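Everything on this sheet refers to the single structure shown next.
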There are 2 protein chains.
Amino acid sequence: MSNVSSVLHLIEPLKSETQPLRFRARQPLIRRGELPTAVWYIEDGWSARFKLLRDGRRHISRFYAPGDICDLSWLVAGAADQSVMTLTPLRAVRIDRTRLDARLRNDAALGFALAREALAEMRWQAEWLVTIGCKSAAERIAHFLCELYLRLERRGKTRETSCDFPLSQQDIADFTGMTSVHACRTLRELRNSGVIELCRRRLRIVDFSRLVRMAAFDANYLEEPMTAAGAGLAAPGHRTATPECRPAAC
Amino acid sequence: MSNVSSVLHLIEPLKSETQPLRFRARQPLIRRGELPTAVWYIEDGWSARFKLLRDGRRHISRFYAPGDICDLSWLVAGAADQSVMTLTPLRAVRIDRTRLDARLRNDAALGFALAREALAEMRWQAEWLVTIGCKSAAERIAHFLCELYLRLERRGKTRETSCDFPLSQQDIADFTGMTSVHACRTLRELRNSGVIELCRRRLRIVDFSRLVRMAAFDANYLEEPMTAAGAGLAAPGHRTATPECRPAAC
DNA sequence: CGGTCTGTTGATCAGTATCAATGACAGTGG
DNA sequence: CCACTGTCATTGATACTGATCAACAGACCG
């Protein structure tokens, strides 16, 4: 993902065990409140970072797919404030936190790479905040599928136009902020309209450009035209601000 | 904010200008798609990071208050993917990006501090994702007010139990993912129930503990009891998972 | 002053949640 | 091999949160 010196490359010598560890599905990798002693480089399988509220509501704030590191935020001191559990059987390499932490204090290249990685993650989260914050159920799910597919494609984890998709509708719902019932209906619409196929834990993107349009998604973040100044054109309606910050709707 | 060597301390020698710069209210600090040439240490005033969708929907993903750096994510290469505009008149110190970037490659302490800062920001965003993703309008606004007050308190920007609050209801709405009309009604409920006072750009927390309860907020992240294992107790209803990840509702 | 923005309230509507029931399927143990 | 169990996807009926539309008053500003 990074260009010159990725975190993955730099932490290579820190892998504690020669053999990656294996976890069964639906096992906790960490529980909220625990102190992480390591981060995991995920070679295979999926997991989810989530939080439970007292009344049972659950929200998933992040999925980890093969190639992800789970979780960089554990490198700041203190207890994990969200839990992580595997969704499928998982194979992951353990990277000892103490050793990584110690090296970070001396190795500028590693610190730089880690900062870059963290900042990139921040950008992704900021984008997803916007999606959760103001898009419809259909847009949220379409956006999620676009993004997921592109992420897996960059890692060579897609075949033709399809990829593994081990998530239940409950998982999708908890990630996109809706109920599983509504996720079900929304997915059905997407399938009925012919933009995706989804069965037996496999997702196939039939019409990517249409999915992108349905998502109000832009891989290069093209949503906002940002014409030269956008000035001089006021937007109508309640959601209006001063001209220089509110280009006209289109 | 950090303990030993904060970013703020480390970037001290990088401040490009002796005098901080001033901006008027409602001016763009950056527009989406532009290449940032500096980050800003905000001494006084407020601003917002946001994104506009084609149809005019706006979502604010972050407010910057005095003491914040706007924005760390600009240190990764490439164009800004969200815009930032001032909400009030602003006084900020310019920190040249090229110089910061150059120093980052050699200075392990700076890289470490920056990484810590970025990771802390990630954690905040992940928490806010949960809030936006699964809480009610009243909970979201209450949560926001709790958090804002605590953040300002840490920086000594509160007096008694009150603080400046220059945000319009439209700003609050765009941040918490609702309409300004609904934000208005929700704020009114909070005022009517006597937990806050809010007038003439000043917020007063009358009953903090009740506000916390209304927010399902926990400053120390206490929402999830995370009893020893949480195991053996299945939760009812649609939003159910395996026992080890789903402690009973309460 | 006259325009613009903000806060406010009321009436109505749409999107999504909730509740309930069912069928398909996988895993388990007798 | 088959009943038993639990999970998951699905559908229908209904309820409710929050959006939308409309109108107006006060504050602020040129």
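Remember, predicted model here, so these are calculated numbers, not experimental data.
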Is it the case that dG12(D) (base atoms only) and R185(A) (side chain only) share a donor and an acceptor within less than 3.5 Å, ignoring hydrogens and angles?
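Under the 3.5 Å cut-off, the side chain and the base do form a donor-acceptor pair.
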Looking at [X] and [Y], does any basic side-chain N land under 4.0 Å from a carboxylate oxygen?
{"X": "D68(A)", "Y": "R62(A)", "value": "yes"}
{"X": "D174(B)", "Y": "R58(B)", "value": "yes"}
{"X": "D164(A)", "Y": "K157(A)", "value": "no"}
{"X": "K51(B)", "Y": "E127(A)", "value": "yes"}

Presence of [X] side-chain N/O under 4.0 Å of [N] phosphate oxygens OP1/OP2:
{"X": "R200(A)", "N": "dA24(C)", "answer": "no"}
{"X": "R26(B)", "N": "dT4(C)", "answer": "no"}
{"X": "Q169(B)", "N": "dT8(C)", "answer": "yes"}

Decide whether W124(A) and E147(A) meet the rule of one side-chain donor and one side-chain acceptor closer than 3.5 Å.
yes
Nearest-Å distance for atom pair [atom1]/[atom2], residues [X] and [N]:
{"X": "E189(A)", "N": "dG15(C)", "atom1": "CD", "atom2": "P", "result": "10 Å"}
{"X": "R24(A)", "N": "dA26(C)", "atom1": "CZ", "atom2": "P", "result": "20 Å"}
{"X": "K135(A)", "N": "dA19(D)", "atom1": "NZ", "atom2": "P", "result": "17 Å"}
{"X": "R188(B)", "N": "dT6(C)", "atom1": "CZ", "atom2": "C1'", "result": "14 Å"}
{"X": "Q170(B)", "N": "dA27(D)", "atom1": "CD", "atom2": "P", "result": "21 Å"}
{"X": "N192(B)", "N": "dT9(C)", "atom1": "CG", "atom2": "C1'", "result": "13 Å"}
{"X": "E139(B)", "N": "dT17(D)", "atom1": "CD", "atom2": "C1'", "result": "12 Å"}
{"X": "L167(B)", "N": "dG7(C)", "atom1": "CG", "atom2": "C1'", "result": "15 Å"}

Quick one: label R201(A) by what it contacts on the DNA or RNA (base, sugar-phosphate, nothing), any heavy atom closer than 4.0 Å.
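It contacts sugar-phosphate atoms only.
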Over all strands shown, is T186(B) touching base, sugar-phosphate only, or nothing at heavy-atom distances under 4.0 angstrom?
nothing
Which of these nucleotides, dT18(C), dT6(C), dG18(D), is closest to any side-chain atom of H182(B)?
dG18(D)
Side-chain atoms of C184(B) come closest, of dA19(D), dT8(C), dA20(C), to dT8(C)
